[in-house]
There are 2 protein chains.
Amino acid sequence: MATGRTHRPATRSRGIPEATVARLPLYLRALTALSERSVPTVSSEELAAAAGVNSAKLRKDFSYLGSYGTRGVGYDVEYLVYQISRELGLTQDWPVVIVGIGNLGAALANYGGFSARGFRVAALIDADPAMAGKPVAGMPVQHTDDLEKIISENGVSIGVIATPAGAAQQVSERLIAAGVTSILNFAPTVLSVPDGVDVRKVDLSIELQILAFHEQRKAGEEAAAAGSADADADGAPDAGAGAPDGAGAGTGAAPAAALMPPAGRAAAAAARKGGPDGDVPAVMPA
Amino acid sequence: MATGRTHRPATRSRGIPEATVARLPLYLRALTALSERSVPTVSSEELAAAAGVNSAKLRKDFSYLGSYGTRGVGYDVEYLVYQISRELGLTQDWPVVIVGIGNLGAALANYGGFSARGFRVAALIDADPAMAGKPVAGMPVQHTDDLEKIISENGVSIGVIATPAGAAQQVSERLIAAGVTSILNFAPTVLSVPDGVDVRKVDLSIELQILAFHEQRKAGEEAAAAGSADADADGAPDAGAGAPDGAGAGTGAAPAAALMPPAGRAAAAAARKGGPDGDVPAVMPA
DNA sequence: ATGTCTTTGTGAACGCGTGCACAAAGATTG
DNA sequence: CAATCTTTGTGCACGCGTTCACAAAGACAT
Ligand SMILES: NC(=O)c1ccc[n+]([C@@H]2O[C@H](COP(=O)([O-])OP(=O)(O)OC[C@H]3O[C@@H](n4cnc5c(N)ncnc54)[C@H](O)[C@@H]3O)[C@@H](O)[C@H]2O)c1
Ligand SMILES: NC(=O)c1ccc[n+]([C@@H]2O[C@H](COP(=O)([O-])OP(=O)(O)OC[C@H]3O[C@@H](n4cnc5c(N)ncnc54)[C@H](O)[C@@H]3O)[C@@H](O)[C@H]2O)c1
């Protein structure tokens with residue numbers, strides 16, 4: 001996920017819970033699809049299924065927006081599309097700049113889903129002089145020197161950062177100084193920004209690591225289940241992925257032992273899914 | 001953000017809370033940086049600052065892994081790097097396939113951050129016959145026909161979907177049938193998957209919409225504050241930056257407004273940042 | 001050893017988010 | 001108009017996550 005937003009009491013602002021806000025785009029997408037099929041109304045049950053959420057949750061979410069449904073019937077699709085769009089601020093135009101037009105930045109620039117929802121790529125900015133003027137997605141790349149001018153002249157308040165991690169903080173500072181108050185950061189770094197500026201991050205690496213964690217846990221459970229017959233029931237497969245935990249020098253032991261030998265790793269690895277996967281070196285970042 | 005995971009009791013699994021798991025990669029990144037600078041130990045305070053979280057939260061997170069710190073001193077960097085890596089399952093090799101080698105897929109394939117953490121791109125798969133054999137990121141693109149074989153032979157359990165939305169569900173089904181149990185989905189669709197399969201999604205459009213919501217709210221508050229004297233007095237650099245907003249591009253073509261009630265739309269638009277227009281309607285979400 | 005100082009690990013309180021369950025509201029039918 | 005059926009809107013309870021605050025643990029100095 002991309003999470004983010006610098007901490008904030010969240011209170012105040014009479015408004016909608018953060019969790020609900022994060023789901024509104026999901027509802028909107030489902031509703032738009034229904035709208036295109038000229039479906040006039042939907043029940044909370046149907047819409048919830050389409051959006052992949054619980055229907056009670058959906059109704060509660062909508063209740064924060066007001067009472068837009070009709071009991072016994074459901075919600076008017078078109079009306080709800082409008083209400084959610086308005087709530088999200090999509091009834092206005094949001095110029096956006098993308099900074100760092102490399103592999104990812106170029107892909108983003110070419111992405112059609114941008115303009116589909118009221119967002120407009122106002123400019124593409126890169127520090128590489130060789131890129132300046134070069135057209136990407138039918139739009140000339142502009143040099144970082146003009147960043148402030150571009151932000152200011154276009155009234156940009158949302159910036160997307162797709163530069164290398166090392167440049168991200170500095171780029172964010174320039175964007176903010178120029179007037180940007182919302183940043184979507186693709187660089188794998190924690191951005192430090194002043195209050196009042198929202199930052200959301202998208203980090204591929206983190207997503208994969210979270211998946212790997214669950215994958216490992218699943219493999220562990222599988223191994224445990226296979227090992228002790230098949231009487232799973234509710235075994236509560238301890239987190240430590242089984243073996244490796246207890247074995248490794250217990251807690252409180254002298255920490256100085258830098259890298260420990262990957263003990264029971266073999267077990268978990270062997271328990272992997274089907275497929276002749278013999279090797280498995282203990283690859284480790286350092 | 002990317003959020004996701006199909007619902008799940010979440011409880012059970014004697015283990016680490018989901019929220020903690022999501023932060024471990026963050027800690028790991030900060031620790032890796034310290035490790036590269038040969039810093040031997042860090043306090044929870046320092047590390048928390050580097051990771052952008054609360055120090056109490058960090059300590060509690062680590063407490064789920066065990067007692068790896070030394071009171072009065074802090075945490076041994078190398079040791080912690082190892083423990084977290086092990087917990088996340090990064091001490092083993094995770095082959096990954098990317099399906100849909102278009103703009104985004106190609107960018108992902110070229111991304112170096114993949115292999116940096118134990119993930120290895122095992123194959124690039126696309127349905128376009130014209131792509132087959134073409135090298136992307138030094139690796140020949142393979143055709144979808146061989147998807148099952150590729151998954152099976154490489155023991156792949158993590159798949160990345162970067163196809164158009166329309167193809168995502170079907171692709172996920174093929175991946176799952178072939179043995180994949182974790183999916184990172186970049187297509188803007190809700191994937192329906194069986195229990196036991198983890199799905200995380202990254203949706204640029206949703207992130208932007210969430211930012212737009214907060215941006216709009218900020219603009220509303222600002223307008224309200226400006227209307228009632230200038231009682232703010234809170235350092236804030238006053239994001240406005242004085243852009244000739246209202247006049248220029250502004251809210252050019254009304255996007256979806258053509259629909260139902262033409263109510264507060266004008267007000268919302270007028271409340272955009274900067275514009276020192278006199279009016280100031282107390283823009284408020286209904 | 002003893003005392004002081006630093007920092008961890010965690011008990012406890014609190015707030016947010018989720019989901020159940022149901023009364024109320026309105027449509028629909030007779 | 002009354003009865004019935006459908007679906008919303010929400011009160012309530014529960015569990016997870018966050019944060020505070022502090023006792024205990026250990027390092028370090030004397
Ligand atoms: N490519 C991916 O799939 C992917 C996935 C996840 C995260 N990321 C992250 O996104 C960022 C970009 O990735 P990429 O693969 O496109 O890298 P890239 O090297 O292809 O592109 C980076 C671009 O940023 C430009 N740049 C460098 N410093 C700059 C500055 N100070 N101001 C403006 N532009 C600057 C460079 O000229 C280059 O064009 C990296 O931080 C990467 O870690 C990429
Ligand atoms: N480009 C971005 O920055 C971006 C950002 C967010 C989300 N997305 C989403 O990511 C997805 C890919 O975006 P893109 O810009 O790379 O699109 P694209 O059209 O450039 O690439 C899509 C690729 O998928 C391939 N494909 C189509 N059907 C397939 C199938 N059934 N099996 C395998 N491959 C198939 C196509 O041949 C093509 O190469 C889209 O769903 C898009 O909405 C893209």
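Worth saying up front: this structure is predicted, and the values here are computed from it rather than measured.
- For the residue pair Thr41(A)/Asp76(A), the side-chain donor-acceptor check at 3.5 Å is not satisfied.
- For the 3.5 Å distance criterion, the side chains of Glu36(B) and Thr32(B) fail to qualify, holding no donor opposite an acceptor.
- Taking atom CZ on Arg23(B) and atom P on dC16(D), their separation rounds to 15 Å, with Å as the unit.
- For the pair Leu58(B) CG and dG17(D) P, the computed distance is 16 Å after rounding to whole Å.
- Checked by atom type, the side-chain pair Glu215(A)/Thr181(B) shows a donor-acceptor distance below 3.5 Å.
- The nearest whole Å value for the distance from the CG atom in Leu47(A) to the P atom in dT7(D) is 14 Å.
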| message | Protein within reach of the bases, or only the backbone? For nucleotides 8-14 of chain D, mark each nucleotide 5' to 3' as B, S or -, using heavy atoms under 4.0 Å. | response | BBBBB--

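- For the pair Lys57(A) NZ and dA21(C) P, the computed distance is 17 Å after rounding to whole Å.
- Between the CD1 atom of Ile16(A) and the P atom of dG17(C) there is a distance of 12 Å, rounded to whole Å.
- Between Tyr68(B) and Phe62(B), the ring centre distance reaches or exceeds 6.0 Å.
- Using modelled atom types and a 3.5 Å distance limit, the side chains of Glu78(B) and Tyr82(B) yield no donor-acceptor pair.
- Side chains of Arg86(A) and Thr91(A): no donor on one and acceptor on the other come within 3.5 Å.
- Note: CG (Asn54(A)) to P (dT7(D)) measures 16 Å, nearest angstrom.
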